[in-house]
Q: 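One structure is given below, represented as structure tokens, and several questions about it will come after.
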Amino acid sequence: SKMKAGLIWFNGQMVPQEEAKVSVLTHALHYGTSIFEGLRAYNTPQGPAIFRLQEHTERFFHSAKVMMFELPFSPEQINQAIQEVVRANGYTSCYIRPLAWMGAHTLGVNPLPNNPAEVMIAAWEWGTYLGEEAVRKGARLITSSWARFPANVMPGKAKVGGNYVNSALARVEAQQAGADEALLLDKEGFVAEGSGENIFFIRHGVLYAVEHSVNLMGITRDSVITIARDLGYEVREVRATRDQLYMADEVFMVGTAAEVTPVSYLDHRAIGTGKAGEHTMKIRAAYMDVVHGKNPKYAAWLTYVK
Ligand code: PMP
């Protein structure tokens, strides 16, 4: 079954999904030369609100800068377009995907003759990324045989399409092994991130955020650190090994799609009790309150779609 995204903002125009088409000679299709974002809008008592719109748009433009893509729209135009996609489709909650890519001008490996980039923003209704059961019982992870790429191999701080070949290989490997998600290590063997999530763990009541190193600087990670400190947790950013995760009381993953998802097993070892952790679920509940506009302290993180 094909996904349904309704009206898509396509190079400045709102068009039905069937009309938002590109050429088979698109540079990005051949070489992964695209950048993207992932946001969520949530239903709140005052209507749908986009979570941390400014930060996502800023990262989108930073990704473009890394790739030297020229975007023919300003950050303010992209902010407005993101809101317009939610509004035009009448969603109360959705996942939003801005994408910019090198088009079909020329297929030499150098992408820049294809500047300016083409841009689209699509949105669709998307529930829990790793499934309801993963949230309730905790996700099962395996450490991938695919390492996360070092900083001099791929630009892991940018959300570049080509980076996600590494994520896709790890995710398929995990799925083939019967796991829900993959944990990727960096080339030194330290914990990096999930295929699309940052990693946290808890030991003796202290919350450890796996340091940025080669990872994407996740916006959910940043939000969770702030929210957890407000809840009274001591938060430390650390370089961690996989066996430190085995010995943790709790492990969880965070991301725009995955939100806050507990991890119950890593490499066939139960984490703590082998169930969704208590602290994890407390932090998850606080995060869900914030995104749903139920905590006025974080009003600045929400952009209401009027
Ligand atoms: N790491 C990777 C590789 C990701 O793709 C994502 C999802 N964007 C994350 C971490 C989490 O980032 P965020 O919280 O900004 O969604």
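Sequence positions, counted from 1, serve as the residue numbers for this chain. Order of listing sets the numbers, starting from 1, for every ligand and every atom in it.
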Q: So does R59 pair up with E37, basic N to acidic O under 4.0 Å?
A: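 Yes, charged N to carboxylate O under 4.0 Å.
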Q: Answer with yes or no whether R59 contacts ligand 1, where contact means a heavy atom under 4.0 Å from a ligand atom.
A: yes
Q: Parallel, tilted or perpendicular for H279 and Y233, by the 30°/60° rule?
A: perpendicular
Q: Does some non-hydrogen atom of E55 fall short of 4.0 Å from ligand 1?
A: no
Q: Looking only at protein heavy atoms, which one is nearest to atom 8 (N) of ligand 1, and how far off is it?
A: K159 NZ, 2.7 Å
Q: Determine, step by step, whether R52 and S223 satisfy the side-chain hydrogen bond (donor to acceptor under 3.5 Å, both in side chains) criterion, reporting the C-alpha distance in whole Å, the side-chain angles of both residues, the deciding distance to 0.1 Å, and the verdict.
A: CA-CA 9 Å; R52 303 198 75 175; S223 308; 2.9 Å; yes
Q: Can E37 be said to touch ligand 1, with heavy atoms closer than 4.0 Å?
A: no
Q: Less than 4.0 Å between a side-chain N and a carboxylate O, is that true for R229 and E234?
A: no
Q: What residue and atom, counting heavy atoms only, is the protein's closest point to atom 14 (O) of ligand 1, and at what distance?
A: T220 OG1, 2.6 Å
Q: Ring pair (Phe, Tyr, Trp, His ring centres under 6.0 Å) between Y298 and Y287: does it pass, once the steps are laid out?
A: CA-CA 10 Å; Y298 296 95; Y287 176 79; 9.9 Å; no
Q: Taking 4.0 angstrom as the limit, do K4 and E125 come out as a salt bridge?
A: no
Q: Fit a plane to each ring of F252 and F200, take the angle between them on a 0 to 90° scale, and name the class: parallel (under 30°), tilted (30 to 60°) or perpendicular (over 60°).
A: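 Parallel: the ring planes of F252 and F200 meet at under 30°.
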Q: Is the shortest N/O to N/O distance between T256 and ligand 1 below 3.5 Å?
A: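 So ligand 1 has an N or O lying under 3.5 Å from an N or O of T256.
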Q: Would Y164 count as a polar contact of ligand 1, with the cut-off being nitrogen or oxygen pairs under 3.5 Å?
A: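 Yes, Y164 has an N/O under 3.5 Å of an N/O on ligand 1.
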Q: Output the list of atoms in ligand 1 that are nearer than 4.0 Å to some heavy atom of R148, sorted by atom number.
A: 3 (C)
Q: Considering only the protein, which heavy-atom contact is closest to atom 6 (C) of ligand 1, and what is its distance?
A: G196 O, 3.2 Å
Q: Output the list of atoms in ligand 1 that are nearer than 4.0 Å to some heavy atom of G218, sorted by atom number.
A: 12 (O), 13 (P), 14 (O), 15 (O)
Q: At a 4.0 Å threshold, what atoms of ligand 1 neighbour a non-hydrogen atom of E193?
A: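 Heavy-atom distances to E193 below 4.0 Å select 1 (N), 2 (C), 3 (C), 10 (C).
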Q: Is ligand 1 less than 4.0 angstrom away from at least one heavy atom of N198?
A: yes
Q: Using a plain distance cutoff, I'd like to know if S167 has any nitrogen or oxygen under 3.5 Å from a nitrogen or oxygen of ligand 1.
A: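 No.
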Q: Below 3.5 angstrom, do we get any N/O pair linking I219 and ligand 1?
A: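 So ligand 1 has an N or O lying under 3.5 Å from an N or O of I219.
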Q: Are a donor atom and an acceptor atom from the side chains of R148 and N215 found within less than 3.5 Å of each other?
A: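 Looking only at side-chain atoms, N215 and R148 do not form any donor-acceptor pair under 3.5 Å.
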Q: Classify the ring geometry between W126 and Y129 as parallel (under 30°), tilted (30 to 60°) or perpendicular (over 60°).
A: perpendicular
Q: Is the closest basic N to carboxylate O distance between D249 and R203 below 4.0 Å?
A: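 Judged by the 4.0 Å cut-off on N to carboxylate O distance, D249 and R203 do form a salt bridge.
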Q: Tell me whether R221 is salt-bridged to E193, with the criterion being a basic N under 4.0 Å from an acidic carboxylate O.
A: no
Q: Heavy-atom distances under 4.0 Å decide this one: backbone, side chain, both or neither, for L216 against ligand 1?
A: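 The answer is the side chain.
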Q: Are any of the N/O atoms in R221 less than 3.5 Å from those in ligand 1?
A: no
Q: What atoms of ligand 1 come closer than 4.0 angstrom to any heavy atom of S195?
A: 3 (C)
